[in-house]
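Please read the structure below before turning to the comments.
All values derive from a computational prediction rather than experimental measurement. Counting convention: from 1, in listed order, for ligands and their atoms alike. Basis for what follows: all heavy atoms, side chains included, without hydrogens, waters or symmetry-related copies. FYI, the numbering just counts along the sequence from 1.
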Amino acid sequence: MLETKDEISLEQLCGKFSPQGILQQRFQHRRRVMARVLAPSQWLEAKRATDLALAAALLVPSLPLFALLRLFCGPVQRTTRVGRWAETFSEYSFDPKRARVFSRLPCLLNILAGQMSFVGPRATIPGELTPNQRTVRRRYDVRPGLLCTWWIRQRANIGYDGESLADAEYAENPTLAGDVAIALRAIPAAFYGEAVEEVPEKVSLLDIPVDNLAMTEAVEVLVDLTDSYRTQQVAFVNADCANISFKNDDYRKTLQEDADMVLADGIGMKLAGNVLKRPIKQNVNGTDLFPRLCAELENTGKGLFLLGAKPGVAEAVANWVRENHPGMLISGVQHGYFSADEEPAVLEKIASSGASLLLVAFGAPRQDQWIAAHKHELGSVKVAIGVGGLFDFFSGEKQRAPLWLREMGMEWAFRLYLEPARLWKRYVVGNGLFLMRVLWWRITHRGGESVAMGQGWTEERRV
Ligand code: UDP
């Protein structure tokens, strides 16, 4: 069983995958924590005074900037928005294309007028949302804001569960500590750049062909692939994998030629995409994908084989699956510390298990090369995925970074904190090296490589 002290535990996130369930658990936990700081109703009163004071204090010194922006970026624009109690108001802004980060400076006037707040759900445009669902209605209980959890999650590329959920979560329980935390988390988010919708389906990053999919799309494709006629190989690639592939030709070839699908994992890949002008749609990592995939494969009769990690760990993951996704068939488990002599027996065990989905957790590059070498010996396995440390998280062996750190794109820092001796090189040296490589690539490959690699998924490749 997982036991985490996170703001939202992995169990909560990955448990019965119902958005309402997750929402409720988050609210309950936050309520307990935040009640110690300031009751939400008290904070809502104090918040207005804080907004007023802060907006007034910022407005005075920003008047010269206002004048400059007015001169160079045109007049202040008014856009009709829906605010608190679903009432419409005019939001003030400069032309975002010309004023860029300063375009929302005039919103200080909306804050002074009591129409907006510094922190709160995004102000919607009329007709954009129908407030017929509870989660949608909740957002109109509070003033809309400049910064919100959804804005942060999208920029950190982890906006998997939709805006309504993030906003309802905020509106249910606004607190001083929560608002300060959102403002602080917005700082790194500002550097990560906007979330992108329209992206090429396939991009090349540092010579690695990446399938540029959102989480839900990746899950859909994987479910489809479980019906293919041969074993499809799937790999996750993060900054560390990219570093390895930079030096290890065999691993790079595995990603380029053997893998049928390569998914971009982590904030490093998003930053690389920004720098190389190949925007990455979403952080599609195994740990967030796994429970979603289990939810889709439940009651389909498609079995799961868990291969890898220390003895006992794969069994613990199987127990997690049985508990949280009882309709998911477990075809077999096997630890990842077997000798070369034992390998044929392991392959036989997988081939005779009847599994459709195989997760291999040996760490990169070994897991991906192992799949490439053995995918023709895996019997009925249709999808084989290299999943790194995933089993350690779901077995409770290792704790996953809390959501607020993931929202800041700092999951790696938490892993480093837990295992400094093993991971300092990977993250302290590796992250810097990765960014340097990306920048160097940008300088040396200016316009050299096409942005999009064909049309992405084709039927021949899929099935
Ligand atoms: N592992 C394994 N056999 C080995 C070496 C490692 O099964 O010979 C497992 C290890 O126990 C761990 C996973 O491979 O569960 C690698 O985890 P790591 O944190 O390095 O992966 P990452 O997610 O960082 O790629």
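Summarising the local packing, CD of E194 is surrounded by 12 or fewer heavy atoms from other residues, nucleotides or ligands at distances under 6.0 Å. Shown here is F246, whose CZ atom has more than 12 heavy atoms of other residues, nucleotides or ligands within 6.0 Å.
Looking at residues two or more places apart in sequence or on another chain, you find no ring-ring contact (aromatic ring centres under 6.0 Å, His included) involving H335. Under the ring-ring contact (aromatic ring centres under 6.0 Å, His included) criterion, W150 pairs with no residue at all, not counting sequence neighbours. Every residue was checked against the ring-ring contact (aromatic ring centres under 6.0 Å, His included) condition with Y337, not counting sequence neighbours, and none meets it.
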Residues E163, R153; criterion salt bridge (Lys or Arg N to Asp or Glu O under 4.0 Å); working and verdict: CA-CA 9 Å; E163 185 177 9; R153 280 187 200 160; over 6 Å; no
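Closer than 4.0 angstrom to ligand 1 lie heavy atoms from G308, A309, K310, G336, Y337, A361, F362, G363, R366, G388, G389, D392, R415, R422, R426.
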